[in-house]
Amino acid sequence: MRYDLIIFDNDGVLVDSEPISNTLLAAYLTELGHPTSYEDSLRDYMGSAMHRIHDLVLERTGQRLPDDFDDVFHARVFAAFERELKPVPGAAQVLEKLAADGVPYCVASSGSHERIRVGHRTTGLDRWFDDGRVFSSQDVGRGKPAPDLFLHAAERMGVRPEKCAVVEDSPLGVRAANAAGMDVYGFTAMTPADRLADATQLFSDMGQLADLLV
């Protein structure tokens with residue numbers, strides 16, 4: 001394999017959480033007086049850290065979201081995860097192959113550590129990720145599209161950026177990977193390919209990924 005480290009985004013790449021979380025986010029923002037459709041949420045917030053939601057709402061409306069916004073939103077999301085969340089088809093098989101082949105991998109997500117852990121535990125993917133393989137935007141000053149999170153993950157895993165491949169499904173994540181100087185594989189199962197056009201390569205089936213990385 002030509003890469004020394006595979007860095008996975010989490011939401012939409014390993015766990016099929018984007019439909020759940022964006023449905024709930026759109027509903028909650030609308031409830032708070034900021035009308036938002038599911039499509040709006042995907043376009044504006046998919047792949048972003050929570051601070052981006054606060055920043056965009058403030059920028060567009062001049063109003064701040066409630067102080068407890070993150071806590072309320074996460075409580076709703078975690079409850080829905082426990083009921084509905086599934087792994088992305090093929091994700092477990094990719095992780096199993098990487099582990100069997102001795103290829104280092106990790107997850108670098110805009111979500112909080114708690115969100116990552118809840119998602120992995122619910123879907124059974126936690127067996128593939130000890131604490132040393134989990135990185136969150138909480139660990140750095142700026143979330144995606146800044147490169148900070150991916151650079152942090154590479155540094156902690158002891159791999160140079162140019163020897164890393166990132167697996168992403170959001171435009172923000174693709175921008176972050178490019179800014180970090182890493183190859184990025186754009187997963188188009190849910191995101192239109194044209195929105196990930198700046199990726200190194202596009203693919204639509206997680207079962208294809210292991211062969212693409214060789």
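Residue numbers count from 1 along this sequence.
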Asks: The criterion is salt bridge (Lys or Arg N to Asp or Glu O under 4.0 Å); which residues satisfy it with D40, sequence neighbours excluded?
Replies: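 Salt bridge (Lys or Arg N to Asp or Glu O under 4.0 Å) list for D40, sorted by chain: R43.
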
Asks: Between the main-chain N or O of S136 and the side-chain N or O of S109, is there a donor-acceptor pair closer than 3.5 Å?
Replies: no

Asks: Only counting residues at least two apart or in another chain, list the ones meeting side-chain hydrogen bond (donor to acceptor under 3.5 Å, both in side chains) with D148.
Replies: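 side-chain hydrogen bond (donor to acceptor under 3.5 Å, both in side chains) list for D148, sorted by chain: R142.
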
Asks: Mind checking whether M190 and L25 sit in one hydrophobic cluster, side chains of I, L, V, M, F, W, Y counted as touching below 4.5 Å?
Replies: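 Each belongs to a different hydrophobic cluster.
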
Asks: With distance as the sole test, does N178 use its side chain to make a donor-acceptor pair with the main-chain N or O of D198 at under 3.5 Å?
Replies: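 Such a contact is found between N178 side chain and D198 backbone.
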
Asks: Can you hop from Y185 to M46 via hydrophobic side chains spaced under 4.5 Å?
Replies: no

Asks: Give the minimum heavy-atom separation between K144 and G173, together with the two atoms involved.
Replies: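 The answer is CD-CA, 3.9 Å.
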
Asks: On a heavy-atom basis, which atom in P161 and which in A180 lie closest, and how many Å separate them?
Replies: CB-O, 3.4 Å

Asks: Which residues pass the salt bridge (Lys or Arg N to Asp or Glu O under 4.0 Å) test with R76, not counting sequence neighbours?
Replies: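 R76 satisfies salt bridge (Lys or Arg N to Asp or Glu O under 4.0 Å) with E31 once adjacent residues are dropped.
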
Asks: CG/L125 to OG1/T122 distance, rounded to the nearest 0.5 angstrom?
Replies: 10.0 Å

Asks: Whether the side chain of T191 engages the backbone of D169 through a donor-acceptor N/O pair (distance < 3.5 Å, no angle test) should be reported.
Replies: yes

Asks: Return all side-chain donor-acceptor pairs below 3.5 angstrom for residues 63-74, not counting sequence neighbours, or 'none' if the list is empty.
Replies:
from: D70; atom 1: OD1; to: H54; atom 2: NE2; distance (Å): 2.7
from: H74; atom 1: ND1; to: D70; atom 2: O; distance (Å): 3.1

Asks: Can you give me the closest heavy-atom contact between I116 and V107, atom names plus distance?
Replies: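 Looking at all heavy atoms of both residues, the closest pair is CG2-CG1, 4.4 Å.
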
Asks: Shortest non-hydrogen contact from H51 to G143?
Replies: NE2-N, 3.4 Å

Asks: Taking side-chain contact (heavy atoms from CB on, under 4.5 Å) as the test, write out the residues that go with S137, two or more places apart.
Replies: A49

Asks: Can you get from F81 to L42 by hopping between Ile, Leu, Val, Met, Phe, Trp and Tyr side chains that sit under 4.5 Å apart?
Replies: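 As far as the 4.5 Å side-chain criterion goes, L42 and F81 are not connected within one cluster.
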
Asks: Under 4.5 Å between any side-chain heavy atoms of F129 and L14, yes or no?
Replies: yes

Asks: So, using salt bridge (Lys or Arg N to Asp or Glu O under 4.0 Å) as the criterion, who are the partners of D44 when residues are at least two apart?
Replies: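 R60.
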
Asks: For R156, which residues count as a salt bridge (Lys or Arg N to Asp or Glu O under 4.0 Å) partner, sequence neighbours excluded?
Replies: none

Asks: Under the rule for ring pair (Phe, Tyr, Trp, His ring centres under 6.0 Å), what residues qualify as partners of F8, not counting sequence neighbours?
Replies: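 F8: no ring pair (Phe, Tyr, Trp, His ring centres under 6.0 Å) contacts found.
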
Asks: Give the table of side-chain donor-acceptor pairs shorter than 3.5 Å for residues 86-102, with sequence neighbours excluded, one pair per line with atom names and distance.
Replies:
from: K97; atom 1: NZ; to: D101; atom 2: OD2; distance (Å): 3.0

Asks: Hydrophobic cluster membership, with links at side-chain heavy-atom distances under 4.5 Å among I/L/V/M/F/W/Y: are L56 and Y28 in one?
Replies: yes

Asks: Got a second to check how far S112's OG is from R117's CZ, nearest 0.5 Å?
Replies: 11.5 Å

Asks: Between L172 and Y45, is there a shared hydrophobic cluster once you connect ILVMFWY residues whose side-chain heavy atoms come closer than 4.5 Å?
Replies: no

Asks: Among S41, S17, S37, find the one that has a side chain to side chain donor-acceptor pair (under 3.5 Å) with N22.
Replies: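 Only one option passes, and that is S41.
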
Asks: If you link I, L, V, M, F, W and Y whenever their side-chain heavy atoms are under 4.5 Å apart, who else ends up in the same group as F135?
Replies: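 Besides F135, the hydrophobic cluster comprises L5, I7, V140, L149, F150, L151, M157, V159, V166, V174, M182, V184, L196, L202, listed by chain and residue number.
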
Asks: Holding to side-chain hydrogen bond (donor to acceptor under 3.5 Å, both in side chains), I want the full list of residues that pass it with S21, two or more places apart in sequence or in another chain.
Replies: R115

Asks: Determine, for E82 against R121, whether the closest basic-nitrogen to carboxylate-oxygen distance falls under 4.0 angstrom.
Replies: yes

Asks: Identify every side-chain donor-acceptor pair in residues 205-214 under 3.5 Å, counting partners at least two apart or on other chains, and give the distances.
Replies:
from: D205; atom 1: OD1; to: G207; atom 2: N; distance (Å): 2.8
from: Q208; atom 1: OE1; to: S204; atom 2: N; distance (Å): 3.4
from: Q208; atom 1: OE1; to: D205; atom 2: N; distance (Å): 3.4

Asks: How far does CD of E18 sit from CG of D11, to the nearest 0.5 angstrom?
Replies: 5.0 Å

